[in-house]
Amino acid sequence: MSVPVLEMKKISKSFYGTQVLKDINVTVNEGEIHCLVGENGAGKSTLMNILFGMSVITDTGGYEGEVLINGKPVAFDSPKAAIGAGIGMVHQEFMLLPGFSVTENIKLNREDTKPNLFSRVLGRKLETLDRKKMAADARSALDKLGMSIDEWVPVAGLPVGYLQFVEIAREIDKENLQLLVLDEPTAVLTESEAQQFLAVVQRLASTGISILFITHRLDEVMAVADTITILKDGELVSSGPTKNYTIAQMAELMVGRKIDTKGRIGGEKKEKATKKVLEIRNLRVDMPGERLRGIDLDVYEGEILGIGGLAGHGKIALANGVMGLYASQGQVIYEGVEVPLNNPREALNRGLAFVSEDRRGVGLVLEDSIANNIVLTSMQTQDKFLKPGPLKLKDQKQITAHALQSIERFDIRCTGPDQIVRRLSGGNQQKVCIARAFTQNPKLFFVSEPTRGIDVGAKSRVLELIAELNRMGVTVVITSSELAELRSICDRIAIIYEGKLSGILSPDAPDVEYGLLMAGKSLEEVRSGERATN
């Protein structure tokens, strides 16, 4: 029997007296797809940080236990050492340089060079970049992912789905890669993109590359995993072949309680709303990679309207355009009054709230505390959490009290309201974003990819909170790459295709109707095709 590519034995780790991992064992064999699942705070990211030699581990006293690569003990003190041993990692948060092109990011620190007159005399350090070879390598990696994007386009401004593919392409391009760690790689991808990516993962495994796959999408685990390891609260709950588990069993083991994986989160469907609260007319949004090319859409008071579609077709641009984050043209009328475009403060002043799909770039002040992040928008636009008087000083006591309530309500896993947001897991960062929007007491709530990077238990809780806000009278427009998520909570779902409204369906419409709308068929074509079939 061959030696495992990776063995992690009795791994334990504490941060400042708090134990986050206890006696974890993980074994990954050659060519195996090993899925690591667990709620946020279960210890998955910490375990991977240990494997990859991240400074957050080495700077906090290291860890207990043993790591073996190909049967030999290792103790990486930096990511460079891990990369040198053939380990690649796609982190949950992007590690790209925005001022560089796609090719430059893929080949960073592994640039191809070619000799010139000076280098022949003075040495290889003066060789020039072989841009043709670099572009060819980048193109090859992108093609393996089915990505048609130009290899020299700057990554700055690309949609998050594209950024994720660039991250993955960078790892695929490495020649000595033997173990690839994927931390929530499909969290920002649409269903079709995720399926495409999973096929790539299976092809990589078939070539002998081992895959350690961290994901909250349990259907993906069942689709590709050879082995599953489940963590809960820093301890190993269960590990074994995929055939030993069902989705419901995994969910229950992760959270310690039964989870309804199919029930409607929004409760019983409401009576059809009739009063228009938001009218969008010929909206055009110049968001790179997600442009809207003129859309008409009505939102009714008290409903939950879903916005779906494939990546790059404009669904994400709708909320970003209405909220003024990208240059927009057209007309937006809210409660009978036109909302000025390209002006985020005006949108907020009108009672609109927004949770962006880009929590780190737009949604959070990463170096500030949880408490300040939660109250920031309300303090700036609504004069909340301020002491009486002309100076508008922060009322820290009120801020702390509200933050503690939000931490409990949203189950934000943290050390307290003063913890810096950057140090939270991705899912908990997202909860802080949602808590801030809730603090505004909005009338109309735009939320884009609200469960991105959130585990199955927290995902259900976040969607329940959005449904709860809706029951309190708030109109919700939710954009998501997961169609099942939209169908579990929405009253209507609008599908965007090539920057236009392809059609609007009820959540219980047949799967084929959704598929055809996402493929660019009009609702009339979809229905006429069904009649012809019948």
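None of the values given here were measured: they were computed from a predicted structure.
The backbone N or O of R413 lies less than 3.5 Å from a partner atom in the side chain of N428, making a donor-acceptor pair. Side-chain atoms of K13 come within 3.5 Å of backbone atoms of G62 as a donor-acceptor pair (strictly under, hydrogens ignored). At distances below 3.5 Å, at least one donor-acceptor pair connects side-chain atoms of Y245 with backbone N or O atoms of G240. Side-chain N or O atoms of S78 include none that pairs as donor or acceptor with a backbone N or O of G53 at under 3.5 Å. Checking side-chain atoms of E167 against main-chain N and O of M95 turns up a donor-acceptor pair under 3.5 Å. With hydrogens and angles disregarded, a donor-acceptor distance shorter than 3.5 Å links the side chain of T242 to the backbone of A225. In this structure, E513 contributes its side chain and P510 its backbone to no donor-acceptor pair below 3.5 Å. No donor-acceptor pair under 3.5 Å is formed between the side chain of E235 and the backbone N or O of K22. Within the 3.5 Å criterion, the main-chain N or O of A509 finds a donor-acceptor partner in the side chain of R487. For the pair D183 (side chain) and I214 (backbone), a donor-acceptor distance under 3.5 Å is absent.
Residues L424 and K431 form no side-chain contact, since every pair of their non-hydrogen atoms from C-beta on lies 4.5 Å or further apart. Under the 4.5 Å side-chain criterion, counting only non-hydrogen atoms from C-beta, E104 is in contact with W152. Between V155 and L163 the shortest side-chain heavy-atom distance falls below 4.5 Å. Taking the side chain as every heavy atom from C-beta outward, D411 and E408 never approach each other to under 4.5 Å. Side-chain contact between L6 and I87 is absent, with no heavy atoms from C-beta onward closer than 4.5 Å. D150 has its side chain out of reach of V102: every pair of non-hydrogen atoms, C-beta onward, lies at least 4.5 Å apart. Looking at D226 and N29, their side chains never come closer than 4.5 Å, going by heavy atoms from C-beta outward. A heavy-atom distance below 4.5 Å is found between the side chains of F15 and V56.
Within the structure, salt bridge (charged side-chain N to carboxylate O under 4.0 Å, His left out) contacts touching residues 151-164 (residues at least two apart or in different chains) are R139-E151. Pairs engaging residues 72-84 under the salt bridge (charged side-chain N to carboxylate O under 4.0 Å, His left out) rule: none recorded [sequence neighbours left out]. Among residues at least two apart or in separate chains, ring-ring contact (aromatic ring centres under 6.0 Å, His included) pairs with a member in residues 50-74 are F52-H91.
Residues passing the salt bridge (charged side-chain N to carboxylate O under 4.0 Å, His left out) test with K174, sequence neighbours excluded: E171. Qualifying side chain to side chain donor-acceptor pair (under 3.5 Å) partners for R436, counting only residues two or more places apart in sequence or in other chains: none. The side-chain contact (heavy atoms from CB on, under 4.5 Å) check on S12 picks up Q19, D23, E64, with sequence neighbours excluded. Listed by chain and number, the residues in a salt bridge (charged side-chain N to carboxylate O under 4.0 Å, His left out) with E7 are K9 (sequence neighbours excluded). For E468, the salt bridge (charged side-chain N to carboxylate O under 4.0 Å, His left out) test picks out R409, with sequence neighbours left out. In terms of the side-chain contact (heavy atoms from CB on, under 4.5 Å) criterion, residue partners of I420 (sequence neighbours excluded) are, by chain and number, E367, R422, R423. Every residue meeting the side-chain contact (heavy atoms from CB on, under 4.5 Å) condition with T415, not counting sequence neighbours, appears here in chain and number order: Q419. Remark: D137 pairs with K107, K133 by the salt bridge (charged side-chain N to carboxylate O under 4.0 Å, His left out) rule, at least two apart or across chains. The side-chain contact (heavy atoms from CB on, under 4.5 Å) search around Q178 returns V5, I69, N70, not counting sequence neighbours.
The CD atom of E449 sits 9.0 Å away from the CD atom of Q430 when rounded to the nearest 0.5 Å. Distance check, rounded to the nearest 0.5 Å: CD of E32 to CG of L212 gives 9.0 Å. Rounding to the nearest 0.5 Å places CZ of F445 at 10.5 Å from CD1 of I304. For the atom pair OG1 of T46 and CD1 of I57, the computed distance is 5.5 Å after rounding to the nearest 0.5 Å. Atom OG of residue S239 and atom CG of residue L253 lie 11.5 Å apart, to the nearest 0.5 angstrom. Taking CD1 of I374 as the start and CD1 of I434 as the end, the distance is 11.5 Å to the nearest 0.5 Å.
When all heavy atoms of M48 and V181 are compared, the pair lying nearest together is SD-CG1, 3.4 Å. The minimum heavy-atom distance between L180 and M89, with the atom names listed, is CD1-N, 4.3 Å. Here the shortest heavy-atom pairing between Y514 and P507 reads OH-CA, 3.5 Å. Heavy atoms only, all atoms of each residue included: C35 and V221 are closest at CB-CG1, 3.9 Å. Of all the heavy atoms in P73 and E66, the pair that sits closest is CG-OE2, 3.7 Å. Scanning both residues, I407 and G416, for their nearest heavy atoms gives CD1-C, 4.1 Å.
Exactly one residue among I478, L465, V355 makes a side chain to side chain contact (heavy atoms under 4.5 Å, CB included) with P450. That residue is I478. Put simply, the residue from L486, L505, L305 that forms a side chain to side chain contact (heavy atoms under 4.5 Å, CB included) with R492 is L305. When the options T479, V477, L318, I307 are evaluated for a side chain to side chain contact (heavy atoms under 4.5 Å, CB included) with S448, the one that passes is T479.
Between the side chains of E30 and S2, not a single donor N or O lies within less than 3.5 Å of an accepting N or O. For D508 and S506, the side-chain atoms include at least one donor-acceptor pair closer than 3.5 Å. With no hydrogens or angles considered, no side-chain donor-acceptor pair links S210 and H34 at under 3.5 Å.
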Going through the checks in order, is the side chain to side chain contact (heavy atoms under 4.5 Å, CB included) test met by L179 and L51? CA-CA 11 Å; L179 173 64; L51 172 62; 4.2 Å; yes

Given the rule in the side chain to side chain contact (heavy atoms under 4.5 Å, CB included) test, do F354 and N320 qualify, once you have shown the distances and angles that lead to the verdict? CA-CA 8 Å; F354 178 43; N320 280 277; 3.8 Å; yes

Which is it for E220 and L198 under the side chain to side chain contact (heavy atoms under 4.5 Å, CB included) test, yes or no, and what are the steps along the way? CA-CA 8 Å; E220 294 178 353; L198 293 176; 3.8 Å; yes

Apply the test side chain to side chain contact (heavy atoms under 4.5 Å, CB included) to residues L158 and I149: give CA-CA distance (whole Å), side-chain angles for both, the deciding distance (0.1 Å), then the verdict. CA-CA 10 Å; L158 288 176; I149 188 173; 3.7 Å; yes

